[in-house]
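Counting starts at 1 for both ligands and their atoms, in listed order. Owing to the predicted nature of the structure, the values given are computational and were not obtained by experimental measurement.
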Amino acid sequence: MKSVAIIGAGISGLYLANLFKGNKNYKVTIYEKKDSVEINEGYGIQLSVNSVKLLNQIGFNSLTDEEKFHPKKIDFYDLKNSKKICDLEISKFNLENCKYTALKRSKLLQFLVDGLGNEIIKYNYSINQIEYGKNTTNLTFDNGDKKTCDYLIISDGVFSKGKSLISANNSNAIYNNSIAIRGNISKENLQKISDENVSLFLGSDFHYVVYPLDKEENLNFIGILKYKLNPNEQKNHKLFGENNFIENIKNKLSQKIPLRIFEKIQNIKLFPVFVSKNFFKPPNNTFLVGDAFFAFSPSFAQGASQSIEGAHELYESILNNNNFFNIRSKRIKMINRRSNFNQFAFHLSNPIMTFLRNILMKYLVKNKNFLENYLGKIYKN
Ligand SMILES: Cc1cc2nc3c(=O)[nH]c(=O)nc-3n(C[C@H](O)[C@H](O)[C@H](O)COP(=O)(O)OP(=O)(O)OC[C@H]3O[C@@H](n4cnc5c(N)ncnc54)[C@H](O)[C@@H]3O)c2cc1C
């Protein structure tokens with residue numbers, strides 16, 4: 001039996017462990033630095049059909065319709081005048097029992113944790129050192145414990161400590177000049193939008209998305225604001241908890257979003273958006289997956305879906321000895337280009353450019369060839 005050590009109990013690590021758990025040729029353990037998986041928060045996540053299909057293989061379709069939401073369309077609005085630009089029928093890509101899904105991130109994590117027994121996740125294990133022996137990999141954790149494994153899978157997120165240990169800090173993520181704002185807002189405060197759809201508001205250097213998470217009244221709010229941080233601010237891990245900074249961002253937001261809406265957003269949390277600048281190929285029998293493999297801007301809502309897809313690909317590669325790194329980097333490059341393009345188009349400021357963008361969007365969202373090429377290539381993996 002081969003031993004598999006996974007660093008980090010995020011979406012990718014948990015999904016991968018669920019796959020290995022069903023295979024008696026492998027013994028899988030997750031080492032997680034925190035003392036639990038965060039399953040209390042109410043923020044949302046979107047999953048496109050490519051990842052829902054893979055989640056269904058481990059029983060995701062057993063979640064009830066009360067616990068999730070399947071949007072029919074994405075409605076695009078111009079934030080300047082709140083007028084609808086066009087809509088894109090996202091449900092076109094749905095299959096029987098496999099639909100574009102939005103749900104609480106905590107629900108997804110709880111589902112993934114429930115699939116593993118108590119023994120598989122070891123909490124309070126933060127990776128500190130990775131050394132390569134003749135046939136095995138030796139791990140040392142902050143708590144002093146040492147472990148060995150046949151396969152090492154690093155899935156500790158965008159600020160991957162595991163990756164910095166083996167790449168000599170050569171592959172660290174960079175600040176994407178944008179801040180993510182997460183929150184919740186009640187349906188009654190957004191009367192104009194359809195609660196059957198995802199609503200995407202495009203503004204100058206800013207866009208936000210709202211969507212239901214389940215059958216409850218609360219909608220998920222996620223905004224991306226272009227915002228420069230100087231190098232010292234980028235290194236200051238306490239900045240996003242400082243009142244002055246939070247108030248400054250809220251003030252900026254209140255100029256972008258109509259006040260009647262802005263004032264109703266609850267549980268606002270701010271995050272700096274960091275993205276990968278390059279790929280790093282680890283030594284034999286060590287693999288990166290999820291945001292540790294590559295993190296892109298959240299403008300295509302593919303981070304979690306790609307974490308799941310990558311974990312599935314990695315599982316198949318270990319079983320069949322395929323070239324995981326080449327296959328994954330090719331696909332990630334394609335998605336990264338689209339994410340960057342989306343962010344650019346969503347944040348246009350120049351009135352002539354936004355006018356032209358809106359005309360083009362009206363045409364493209366109804367154009368079959370474009371949809372198949374731009375979305376189909378990702379959703380129909
Ligand atoms: C604001 C925002 C909104 C998003 N919305 C969406 C969306 O709607 N749809 C979508 O598909 N994606 C979305 N994403 C992206 C998505 O959340 C991520 O891509 C995804 O969670 C990455 O999963 P992961 O398993 O790679 O890492 P993570 O989920 O970050 O998990 C990493 C885990 O590793 C642990 N860890 C860290 N360091 C160590 C260490 N040294 N030792 C041991 N363990 C460690 C952490 O505690 C954590 O549990 C969003 C991202 C952001 C920032």
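- Considering only non-hydrogen atoms, atom 21 (O) of ligand 1 lies nearest to Arg105 out of Arg105, Lys163, Gln302.
- Of the polar atoms of Ala301, at least one N or O is found under 3.5 Å from an N or O of ligand 1, judged by distance alone.
- Ligand 1 places these atoms under 4.0 Å from at least one heavy atom of Ile7: 42 (N), 43 (C).
- Ser178 OG to His347 NE2: the interatomic distance, rounded to the nearest 0.5 Å, is 7.0 Å.
- Within a 6.0 Å radius of CE in Met334, other residues, nucleotides and ligands contribute more than 12 heavy atoms.
- The nearest protein atom to atom 27 (O) of ligand 1, hydrogens excluded, is given as Gly157 CA, 3.6 Å; this is a heavy-atom distance.
- Checked by distance only, ligand 1 and Lys161 stay at 3.5 Å or farther apart across all their nitrogen or oxygen atoms.
- If you check each of Lys122, Gln46, Lys33 against atom 7 (C) of ligand 1, the one with the closest non-hydrogen atom is Gln46.
- In terms of polar-atom proximity, Phe271 is not counted as a contact of ligand 1, lacking any N or O under 3.5 Å from an N or O of the ligand.
- One finds no salt bridge joining Lys161 and Asp156 here, because no Lys/Arg side-chain nitrogen approaches an Asp/Glu carboxylate oxygen to under 4.0 Å.
- There is no protein heavy atom less than 4.0 angstrom from atom 14 (N) of ligand 1.
- Among all non-hydrogen protein atoms, the one lying nearest atom 25 (O) of ligand 1 is Ser12 OG, 2.7 Å.
- For ligand 1, one of its N or O atoms has an N or O atom of Ile11 under 3.5 Å away.
- Each of the following atoms of ligand 1 lies closer than 4.0 Å to a heavy atom of Tyr31: 43 (C), 44 (N).
- Within the 4.0 Å heavy-atom criterion, the part of Ala180 lying near ligand 1 is the side chain and not the backbone.
- The distance from the CD1 atom of Ile45 to the NZ atom of Lys107 is 14.5 Å, given to the nearest 0.5 Å.
- In terms of N/O distances under 3.5 Å, ligand 1 is approached by Gly303.
- A distance below 6.0 Å separates the ring centres of Phe300 and Tyr374.
- The residues Asp87 and Lys362 are annotated as not salt-bridged, no charged nitrogen and carboxylate oxygen being separated by less than 4.0 angstrom.
- Side-chain contact, Asp114 with Gln110: a donor N or O sits under 3.5 Å from an acceptor N or O.
- Aromatic ring orientation, Phe279 versus Phe325: perpendicular (interplanar angle above 60°, classes split at 30° and 60°).
- Under the 4.0 Å criterion applied to side-chain N and carboxylate O atoms, Glu67 and Lys104 are not assigned as salt-bridge partners.
- For Lys380 and Glu372, the salt-bridge test passes: some basic side-chain N is under 4.0 Å from an acidic carboxylate O.
- Note on ligand 1: Glu38 sits outside its first shell, no heavy atom being nearer than 4.0 Å.
- Residue, atom and distance of the protein heavy atom nearest to atom 4 (C) of ligand 1 are Arg182 NH2, 3.6 Å.
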Residues 117-129, side-chain donor-acceptor partners within the protein, below 3.5 Å, at least two apart:
| from | atom 1 | to | atom 2 | distance (Å) |
| --- | --- | --- | --- | --- |
| Lys122 | NZ | Glu119 | O | 3.2 |
| Tyr125 | OH | Asp145 | OD2 | 2.4 |
| Ser126 | OG | Asp142 | OD2 | 3.4 |
| Asn128 | ND2 | Asp142 | OD1 | 2.5 |
| Gln129 | NE2 | Glu131 | OE2 | 3.1 |

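- The protein heavy atom nearest to atom 35 (C) of ligand 1 is Glu32 OE1, 3.2 Å.
- Per-residue contacts place Tyr125 under 4.0 angstrom from the following atoms of ligand 1 (heavy atoms of the residue considered): 42 (N), 43 (C).
- Every atom of ligand 1 with a heavy atom of Ser305 under 4.0 Å away is listed here by number and element: 11 (O).
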